[in-house]
Amino acid sequence: MKILVVGSGGREHAIIRKLKESPKAEKIYAAPGNGGISKDAECVNIGAMDKEKMAAFAKENDIDLVFVAPDDPLADGMVDALEGAGIRAFGPRANAAVIESSKVFSKNLMKKYHIPTADYEVFDDPTKVMAYIEEKNQYPVVVKADGLALGKGVIIAQNHAEAQAAVKEIMEDKKFGDSGNNVVVEEFLTGPEVSVLAFTDGISLKPMVSSKDHKRAYDNDEGLNTGGMGTISPNPYYTDEIAEICRKTIFEPTVAAMNSEGRTFKGCLYFGLMLTPNGPKVIEYNARFGDPETQVVLPRLKTDLVDIINAVIDEKLSQLDIEWTNEATACVVMASGGYPLSYQKGIEITGLDENGQTEGATVFHAGTKFENGTFYTNGGRVLGITASAETLDKALEKAYKAVDSIHFEGAHYRKDIGKTK
Ligand code: AMP
Ligand code: GLY
């Protein structure tokens with residue numbers, strides 16, 4: 001098979017590495033890919049949002065399967081466009097990807113189908129939001145932009161002034177553009193967070209092994225929210241008993257709810273969960289593989305990923321047994337100085353071999369370019385250094401040892417991956 005992966009981050013690199021293990025994958029392309037990905041796939045210079053060019057390229061090159069990995073092309077109907085052109089594509093259609101791209105949609109869905117989540121109200125008027133927050137007078141309070149915001153549209157306000165600043169930033173200054181036309185104001189929940197990715201063909205659902213993301217920029221969960229600074233798998237808080245509760249009260253009801261709404265979801269459905277004192281609740285849904293969750297989950301997959309993708313597209317997932325290793329995995333993200341705010345690009349990276357790798361770990365490239373034999377930084381999150389071992393401690397030790405051998409000016413990474421709640 002000839003396979004095209006849409007996207008350019010560490011997640012896409014991890015997907016491509018796993019696809020490469022399949023005897024069925026004869027040739028892999030990435031659009032647009034990145035410097036590190038170019039060592040594992042042929043990078044094609046087409047933007048991830050360019051539906052027309054993507055479909056034309058797939059047609060011209062007899063691509064058998066397109067894997068659409070990022071949120072924005074999914075929300076924008078990339079899968080619909082490819083299918084319309086007669087191309088097999090993995091990922092939800094736009095009408096189902098809305099489960100991620102509109103928090104108003106997902107919150108209303110959960111309320112309608114009694115899926116546990118934080119209490120909330122939706123607003124389209126900044127004055128009304130503040131009136132509501134003042135009346136409740138309960139802090140912290142969570143303010144979320146409705147639409148996609150690179151994982152940065154959520155503000156946990158500790159007091160009235162912070163809430164006011166959040167509402168101004170999202171609704172008036174339009175920091176996230178139209179994503180901030182509506183906001184969701186949510187009850188603040190507490191408890192360990194768990195990420196569960198699941199394959200679903202719209203009929204059955206198969207959860208993958210669990211993981212835990214570290215979203216804040218700095219150690220001890222300080223600093224701004226980021227796309228994710230590191231991950232571990234499995235998540236130590238996610239017991240078999242909790243998994244069973246989640247399957248019954250969250251996972252299966254969500255698949256059924258999407259079907260009832262005429263928005264059948266096929267692809268990878270991501271459940272961002274919080275294990276609260278009142279049971280597991282949904283913090284967010286994503287319509288895709290998580291980044292950097294994928295970097296720790298897919299290395300543990302033993303079953304051929306191409307077979308799973310085909311089973312999802314052909315609605316035969318229930319017939320497939322999906323197997324995982326018992327190992328633990330850890331991924332430490334090395335980010336550009338300044339991320340998630342502004343940062344420089346084009347800084348030379350040392351300590352990588354000619355394939356962008358280093359000894360003792362797998363280096364998934366998130367934001368790099370490769371020029372004249374050298375890798376340079378080209379994004380906020382630059383590398384995801386990933387290792388597996390029999391125990392989490394050993395996996396972390398291996399990953400951090402590899403991190404020590406890689407350098408670029410301004411690099412910052414968390415030293416406490418796998419150590420915080
Ligand atoms: P989201 O983009 O919705 O996943 O939110 C980003 C992060 O903000 C989550 O991973 C949580 O750490 C935090 N968060 C979001 N909603 C809540 C909530 N209702 N209570 C507490 N923390 C939250
Ligand atoms: N790591 C969180 C996400 O992919 O949304």
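Counting starts at 1 for both ligands and their atoms, following the listed order.
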**Study point:** Non-hydrogen atom of Phe289 closer than 4.0 Å to ligand 2
**Key:**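 No, Phe289 has no heavy atom closer than 4.0 Å to ligand 2.
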
Practice item. Please verify whether a non-hydrogen atom of Gly228 lies at under 4.0 Å from ligand 2. Key: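 It does not, in that no heavy atom of Gly228 comes within the 4.0 Å cut-off of ligand 2.
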
Exercise for review: Please say whether more than 12 non-hydrogen atoms of neighbouring residues, nucleotides or ligands are located less than 6.0 Å from CZ in Arg263.
Suggested key: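 It does: Arg263 CZ has more than 12 such atoms within range.
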
Practice item. Might you confirm whether atom CD of Glu52 has over 12 heavy atoms from other residues, nucleotides or ligands at distances under 6.0 Å? Key: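 No, because the 6.0 Å sphere around CD of Glu52 holds 12 heavy atoms or fewer from other groups.
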
Check your understanding: How long is the span from the OG1 atom in Thr368 to the CG atom in Asn34, to the nearest 0.5 Å?
Key ->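 So the OG1 of Thr368 and the CG of Asn34 are separated by 4.0 Å.
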
Practice item. Would you check whether Met274 has a nitrogen or oxygen atom less than 3.5 angstrom from a nitrogen or oxygen atom of ligand 1? Key: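 No - when backbone and side-chain N and O of Met274 are compared with those of ligand 1, no distance drops under 3.5 Å.
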
Exercise for review: Could you check Ile15, Leu4, Ile16, Ile37 and say which one makes a side chain to side chain contact (heavy atoms under 4.5 Å, CB included) with Ile28?
Suggested key: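 That would be Ile16; it is the only one of Ile15, Leu4, Ile16, Ile37 passing the side chain to side chain contact (heavy atoms under 4.5 Å, CB included) with Ile28.
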
Practice item. Considering the heavy atoms of Lys215, write down every atom of ligand 1 situated less than 4.0 Å from one of them. Key: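 Going through ligand 1 atom by atom, the ones under 4.0 Å from Lys215 are 4 (O), 10 (O).
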
Check your understanding: Which atoms from ligand 1 have a heavy atom of Glu186 less than 4.0 Å away?
Key ->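 Listed by number with element: 16 (N), 17 (C), 18 (C), 19 (N).
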
Exercise for review: Assess Lys266 against Phe90: is NZ or CZ under 6.0 Å from the centre of the six-membered ring, and within 45 degrees of the ring's axis?
Suggested key: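 Lys266 over Phe90 ring: no.
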
Review point. Relative to Tyr413, does Lys415 satisfy both conditions: NZ or CZ under 6.0 angstrom from the six-membered ring centre, and within 45 degrees of the ring's axis?
Key: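 Satisfied, under 6.0 Å and within 45°.
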
Check your understanding: So does Lys215 pair up with Asp221, basic N to acidic O under 4.0 Å?
Key ->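 No, no charged N to carboxylate O under 4.0 Å.
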
Practice item. Only heavy atoms count here, so choose which of Arg216, Glu193, Glu187, Lys103 is nearest to atom 9 (C) of ligand 1. Key: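 Shortest heavy-atom distance from atom 9 (C) of ligand 1: Glu193.
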
Practice item. Please state which part of Asn225 comes within less than 4.0 Å of ligand 1, counting heavy atoms only: side chain, backbone, both or neither. Key: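 Answer for Asn225: side chain.
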
Within a distance under 4.0 Å of any heavy atom of [X], pick out the atoms of ligand 2 and give their elements.
X: Glu293; value: 1 (N), 2 (C), 4 (O)
X: Arg288; value: 3 (C), 4 (O), 5 (O)
X: Gly290; value: 4 (O)

